[in-house]
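A, B, ... follow the sequence lines: proteins, then strands. Residue 1 opens every chain.
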Amino acid sequence: MAKELIRLRGCSMVFDDVTVLDDINLYINDSEFLTLLGPSGCGKTTTLRIIGGFQTPTSGDILFDGVRINDVPPHKRTINTVFQKYALFPHLNVFENIAFGLRIPKVGPDGKKVRLSEDEIEQRVNEMLEVVNLRGFGSRKVTQLSGGQQQRVAIARALVNRPKVLLLDEPLGALDLKLRKDMQNELKRIQKAMEITFIYVTHDQEEALAMSDTVVVMDGGRIQQIGTPEDIYNEPKNAFVADFIGESNIIDGIMRADGVVEIFNRRFTCLDKGFEKDEPVDVVIRPEDVDIVPEDQGQLKGTVTNVTFKGMQYDIIVDFYGFKWLIQTTDLSPVGSRIGIKIDPDGIHVMKKSQYSGMFGDYSSYSEEYEEIGDVSIEPDEEEPADEE
Amino acid sequence: MKNKLSGFAVPYVVWMALVVVIPILIMAVYSVTTADFDLTGENFTRMGAYVSVFARSFELAIIATLVCLLMGYPMAYLMAKEGPGFQRVAMALIMLPMWMNFLLRTYSWMSILENNGLLNQFFSRIGLIDLVNHIGLALAADPSQYIPITHFQMIGTSGAVVLGMVYNYLPFMILPIYSVIVKLDHSLLEAAHDLGSNNITVFRRVIFPLSLPGVLSGVTMVFVPSVSTFAISRLLGGGTHMMLGDLIEQQFLGGAYDPHLGAAISMVMMVIVVVCMVVMNHFGEGEEQAVML
């Protein structure tokens with residue numbers, strides 16, 4: 001059974017009067033792959049650094065195995081970190097980088113210092129090189145390795161200490177797309193094989209969905225939603241989550257009764273219950289959940305204003321009564337044509353109004369906005385601006 | 001690598017040829033010739049008389065370099081670790097004496113270290129000299145033979161020469177070490193902590209090895225001027241501790257006028273220094289690349 005390993009209880013972090021983390025409550029189970037997901041500045045890295053011991057929360061507690069560890073320094077935690085830019089030691093070769101932690105005497109249960117023998121160190125390092133597919137790279141200089149290889153050395157250097165928890169701070173951010181996909185699988189495989197808790201920080205929602213057991217969506221220093229990837233995608237709690245995870249049309253609606261929501265003065269059947277009668281709500285409709293039908297059969301009728309070919313499907317923008325939707329379809333409907341749409345009850349997701357209502361999910365300014373939405377790697381306040389030509 | 005020189009490099013090539021290459025060649029010619037410019041090896045054999053000067057110069061320069069390293073490294077480390085405010089003040093204080101005239105600085109030390117200089121006056125004022133005399137008298141086998149001291153002998157000792165070197169060249173040790181440490185990637189230190197190192201281990205296994213290039217250039221920048229200094233040894237060593245610089249100066253300007261011998265001594269000193277540097281850089285090779293990272 002899942003056993004709780006780490007708990008953050010009411011953790012807040014304030015730097016120079018700026019609240020970076022606001023009352024974070026979170027528990028992490030043993031052997032879980034948990035992802036902290038959010039845009040930059042959302043507090044995900046700070047949360048990770050609190051767990052790693054590099055920062056102490058301004059208020060609140062962090063518990064490890066039920067013991068408060070707020071004041072335990074990083075080198076006394078059975079937690080290791082894979083840093084964003086790897087932070088490999090440039091004066092050591094691959095082998096010595098990985099052996100770094102093993103060469104430090106550990107205090108055993110009897111209070112005596114235990115030093116590993118050279119044989120044991122060599123065996124464990126070689127074992128680790130095997131795990132990360134870098135056999136025979138031991139004597140290389142880390143400066144001569146490619147980004148992906150450096151990445152794997154960083155992972156090996158952390159894992160060789162057999163930590164209970166591995167923290168990964170956007171470890172794949174610097175890799176190209178193909179390598180990133182490979183490394184995602186690799187990491188997942190290592191995590192399963194070694195049964196270690198992974199806490200993974202990323203701003204890439206696809207990465208989060210593909211790898212995680214649990215996703216924690218953060219924004220503005222707060223947790224917006226915790227759930228399985230399916231939950232987060234299918235049942236987003238608010239407009240921020242719906243927009244950040246995948247593409248969404250978010251429309252104002254009114255809940256007329258359990259299972260009945262009104263959009264554009266038309267009633268739709270849905271599966272959501274438990275709202276007040278006539279409560280204003282946000283309605284999420286994913287672009288792939290919309291069926292295109294001849295105009296006269298549609299629940300809603302609109303005009304196609306833009307078509308983009310995306311390989312697997314067309315992304316089309318359809319104007320319904322002045323509100324533009326993104327619809328993904330395999331059939332081409334040319335610009336200017338009139339179409340009708342049908343939405344199944346399970347394609348409609350109703351959310352309570354939140355501070356994010358009205359901020360997301362409208363494709364009216366499609367052309368400018370699209371590039372930004374389409375490319376998750378662009379983060380406005382990252383140090384390296386995307387290449388502009 | 002581009003092998004062709006661009007037009008901009010020409011003035012520098014000319015400059016370097018004029019002030020570096022040609023003078024060295026002239027010196028080399030002088031060192032292997034007599035006063036009538038006949039080829040001879042005599043200059044080098046005559047140098048044997050000065051082995052003790054060579055030994056003393058290198059000994060004092062090595063001591064001064066070690067003292068600079070022992071004082072400069074902790075200072076540089078502290079500066080790099082403290083906040084920018086401390087760094088600015090410390091930097092200003094380190095640089096300030098360097099803007100004062102070298103001779104003035106050294107003369108100041110003379111007046112401090114002299115037999116009736118500031119320090120001795122101070123020691124006498126606080127009764128330290130009397131105290132030493134009391135103890136000396138009490139310990140002396142034959143008290144009637146005991147000659148009481150009136151001052152501590154500081155000027156004219158090797159210690160004073162080393163002090164002068166350290167005082168003048170310490171900034172050249174601090175600055176390169178500081179600039180390497182301050183540029184160390186902070187995440188490397190975090191990584192070392194993360195892997196189980198306490199502060200001492202982080203220093204020993206990460207900060208120190210990565211700061212070696214700074215140490216190497218600091219050592220070079222202190223050792224080379226120390227080994228060839230002549231003003232410091234003359235003013236603070238009281239002429240009793242002749243060093244290579246003094247010896248060479250005498251051959252060109254002093255009573256023992258013999259520029260050919262002076263050139264030969266200079267050549268030998270240069271070769272020894274170059275060999276020292278090559279050996280040291282060889283040891284530091286791995287780290288040199290670390291800084292390039």
Side-chain angles (χ1 to χ4, degrees), chain A residues 45 48-49 51-55 72-93 96-107 113-116 141-145 150 153-163 165-171, chain B residues 1 69 73 76-77 80-85 176-219 279-293:
Chain A
T45 297
L48 195 78
R49 290 175 63 81
I51 298 171
F54 301 109
Q55 267 154 11
V72 177
H75 66 274
K76 293 193 174 150
R77 299 188 182 192
T78 50
I79 297 174
N80 285 118
T81 308
V82 176
F83 291 85
Q84 192 164 11
K85 284 170 188 147
Y86 319 144
L88 299 178
F89 302 119
H91 57 302
L92 302 175
N93 64 19
E96 286 302 324
N97 259 281
I98 298 174
F100 191 94
L102 297 178
R103 290 199 190 283
I104 293 165
K106 300 284 177 311
V107 179
K113 282 196 172 178
V114 184
R115 200 180 276 275
L116 294 180
K141 285 189 163 258
V142 290
T143 47
Q144 293 168 345
L145 301 182
Q150 290 190 14
V153 174
I155 292 166
R157 184 180 68 173
L159 283 177
V160 78
N161 303 293
R162 298 180 183 155
V165 180
L166 187 69
L167 309 180
L168 302 104
D169 187 4
E170 308 226 13
Chain B
M1 263 315 224
L69 181 59
Y73 195 101
Y77 181 77
K81 292 284 141 186
E82 292 292 330
I177 297 177
Y178 162 78
S179 68
V180 170
I181 296 181
V182 84
K183 272 190 239 134
L184 277 186
D185 184 355
H186 189 71
S187 67
L188 290 179
L189 312 187
E190 285 193 345
H193 274 298
D194 186 73
L195 293 167
S197 320
N198 56 24
N199 288 333
I200 297 166
T201 316
V202 172
F203 177 79
R204 197 167 51 83
R205 295 193 51 196
V206 180
I207 298 175
F208 185 70
L210 287 175
S211 68
L212 277 184
V215 171
L216 281 182
S217 56
V219 165
V279 168
M280 252 177 20
N281 277 317
H282 180 74
F283 277 120
E285 215 156 56
E287 286 75 20
E288 207 80 58
Q289 275 163 347
V291 169
M292 313 271 278
L293 253 179

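Between B:L189 and B:V206, the closest side-chain pair of non-hydrogen atoms falls below 4.5 Å. Residues A:N161 and A:L159 fail the side-chain proximity criterion, which asks for heavy atoms closer than 4.5 Å.
A:I79 touches chain B through its backbone: at least one of N, CA, C or O sits under 4.5 Å from a heavy atom, while the side chain does not. When heavy atoms are compared at a cutoff of 4.5 Å, A:R77 does not approach chain B at all. Residue contact with chain A, scored on non-hydrogen atoms closer than 4.5 Å, involves the backbone and the side chain of B:S197 alike. For A:F54, the part lying near chain B is the side chain, with the backbone staying farther off; criterion is any non-hydrogen pair under 4.5 Å. With a 4.5 Å cut-off on non-hydrogen atoms, B:N198 touches chain A through its backbone and its side chain both.
For the set A:K76, A:R103, A:K106, the entry with the most heavy-atom pairs within less than 4.5 Å of chain B is A:R103.
B:F203 has its ring centre less than 6.0 Å from the ring centre of B:Y77.
Between the side chains of B:H193 and B:N199, at least one donor N or O lies within less than 3.5 Å of an accepting N or O.
In this structure, A:R157 forms a cation-pi arrangement with A:F89, its terminal cationic atom sitting closer than 6.0 Å to the ring centre and no more than 45° off the ring axis.
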